[in-house]
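Throughout, a chain's letter reflects where its sequence line sits, starting with A, and its residues are numbered from 1.
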There are 2 protein chains.
Amino acid sequence: MMRRNTVQRRAIRRVLEEAGRPLGALEMLEDSKRYAPRLGIATVYRSIKALVAAGSVAVVELPGEPPRYEAAGKGHHHHFRCEFCGKVYELGGCLGGLKDLLPRGFRMTSHELLLHGRCPACAK
Amino acid sequence: MMRRNTVQRRAIRRVLEEAGRPLGALEMLEDSKRYAPRLGIATVYRSIKALVAAGSVAVVELPGEPPRYEAAGKGHHHHFRCEFCGKVYELGGCLGGLKDLLPRGFRMTSHELLLHGRCPACAK
DNA sequence: TTATTTTTGATATCGTATTATCAATATCAT
DNA sequence: ATGATATTGATAATACGATATCAAAAATAA
């Protein structure tokens with residue numbers, strides 16, 4: 001798998017990079033049609049799977065929603081979800097003091113933070 | 001709905017309170033069988049729905065998993081998920097400085113934080 | 001207790017996201 | 001350009017959490 005360089009896979013990869021934010025499978029399908037008009041949803045899922053397995057795409061799971069995907073290798077960061085348009089944005093930076101929240105006996109290996117609100121486009 | 005006080009609903013409510021941590025529908029089914037042995041999953045879902053609608057139970061959504069439920073009215077808090085046993089625990093307290101993570105133009109209305117790691121029982 | 005109405009439990013059905021199927025097509029080595 | 005084969009797209013099939021169905025059982029009123 002992933003042996004050949006097809007227009008579809010190039011389109012999917014490109015869209016993910018251009019978006020700069022995590023996209024769901026349907027979003028990827030829509031956006032990719034700009035570069036590969038006859039793209040089907042099956043190919044989107046197949047490509048996601050291959051790209052994730054190859055390590056070039058990361059899965060972004062948000063509560064209560066199907067997974068989204070973003071280009072891998074961005075370093076530690078969190079996300080913001082606009083409760084109006086549903087788009088998810090990437091946030092820079094993080095917070096300290098997380099260990100203070102742990103009760104005795106618990107060991108933390110990672111964490112995730114999600115902010116909710118309105119994005120600039122929906123704030124007006 | 002919720003007009004009668006049945007052993008099933010008492011069992012479900014009781015299990016949620018005794019757990020002190022968010023439970024999924026199947027967990028609730030299992031635990032409740034102690035008090036209502038012939039309990040069925042349909043009744044669990046029906047009771048959850050009614051209790052949530054009544055405001056006495058809160059939904060806890062975690063990334064990539066079906067929702068869990070906890071007794072309502074606990075005030076702001078976050079959760080810890082043990083990556084070994086999958087149990088979710090309640091954490092006290094919160095963090096400041098969240099607004100610093102927001103880019104210009106974004107408005108935050110809420111947030112959620114999830115810590116991953118091992119619970120005391122799985123840490124050894 | 002009896003009658004009335006809600007609730008239950010077993011299970012069929014649904015909804016949605018994802019995967020499998022397979023003939024047609026595109027890619028790449030030659 | 002040709003042939004071998006990986007890939008695609010349409011869509012059927014699947015997975016699974018949640019809901020709908022409905023006869024039987026349980027709870028409350030009388």
So, does A:R9 get its side chain near the phosphate of C:dT27, meaning an N or O under 4.0 Å from OP1 or OP2?
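It does not, given that no N or O in the side chain of A:R9 lies less than 4.0 Å from OP1 or OP2 of C:dT27.
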
Tell me every residue that passes side-chain hydrogen bond (donor to acceptor under 3.5 Å, both in side chains) with [X], counting only those two or more places apart in sequence or in another chain.
{"X": "A:R118", "result": "none"}
{"X": "B:R10", "result": "B:N5"}
{"X": "A:E27", "result": "A:R21"}
{"X": "A:H116", "result": "B:E112"}

Can you tell me the distance, in whole Å, between the [atom1] atom of [X] and the [atom2] atom of [N]?
{"X": "A:M28", "N": "D:dG9", "atom1": "CE", "atom2": "P", "answer": "14 Å"}
{"X": "B:R38", "N": "D:dA25", "atom1": "CZ", "atom2": "C1'", "answer": "10 Å"}
{"X": "A:I12", "N": "D:dT7", "atom1": "CD1", "atom2": "C1'", "answer": "12 Å"}
{"X": "B:I48", "N": "C:dT7", "atom1": "CD1", "atom2": "P", "answer": "17 Å"}
{"X": "A:E65", "N": "D:dG17", "atom1": "CD", "atom2": "C1'", "answer": "17 Å"}
{"X": "B:L29", "N": "D:dA18", "atom1": "CG", "atom2": "P", "answer": "13 Å"}

For B:V7, which fellow cluster members are found when Ile, Leu, Val, Met, Phe, Trp and Tyr are connected by side-chain heavy-atom distances below 4.5 angstrom, either directly or through intermediates?
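Answer for B:V7: none, a lone residue.
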
Please give me the minimum heavy-atom distance between A:G117 and B:T109, naming the atom from each residue.
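Minimum heavy-atom separation between A:G117 and B:T109: CA-OG1, 3.6 Å.
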
Can you check nucleotides 26-30 of chain D for protein contacts, nitrogen or oxygen pairs under 3.5 Å, and list what you find?
unit_1	atom_1	unit_2	atom_2	d
D:dA27	N3	B:R4	NH1	2.9
D:dT28	OP1	B:N5	N	3.0

What does the inter-axis angle of the helix from C:dT1-D:dA30 to C:dT30-D:dA1 come out as, five pairs per end, nearest 10 degrees?
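Axis-to-axis angle, ends of the helix: 40°.
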
Show every salt bridge (Lys or Arg N to Asp or Glu O under 4.0 Å) that has at least one partner inside residues 29-44 of chain A, sequence neighbours left out.
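Found A:E30-A:K33.
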
Once salt bridge (Lys or Arg N to Asp or Glu O under 4.0 Å) is applied, what residue pairs with a partner in residues 77-90 of chain A remain, sequence neighbours excluded?
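Those involving residues 77-90 of chain A are A:E65-A:R81, A:K74-A:E90.
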
Which of these passes side chain to side chain contact (heavy atoms under 4.5 Å, CB included) with A:R68: A:V88, A:L23, A:L16?
A:V88

N/O contacts under 3.5 Å, protein versus nucleotides 17-22 of chain C?
unit_1	atom_1	unit_2	atom_2	d
C:dT18	OP2	A:Y45	OH	2.5

Partners passing salt bridge (charged side-chain N to carboxylate O under 4.0 Å, His left out) against A:E18 (at least two apart in sequence or in another chain):
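In terms of salt bridge (charged side-chain N to carboxylate O under 4.0 Å, His left out), with neighbours along the sequence ignored, A:E18 is linked to A:R14.
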
A:K99: salt bridge (charged side-chain N to carboxylate O under 4.0 Å, His left out) partners, not counting sequence neighbours:
none

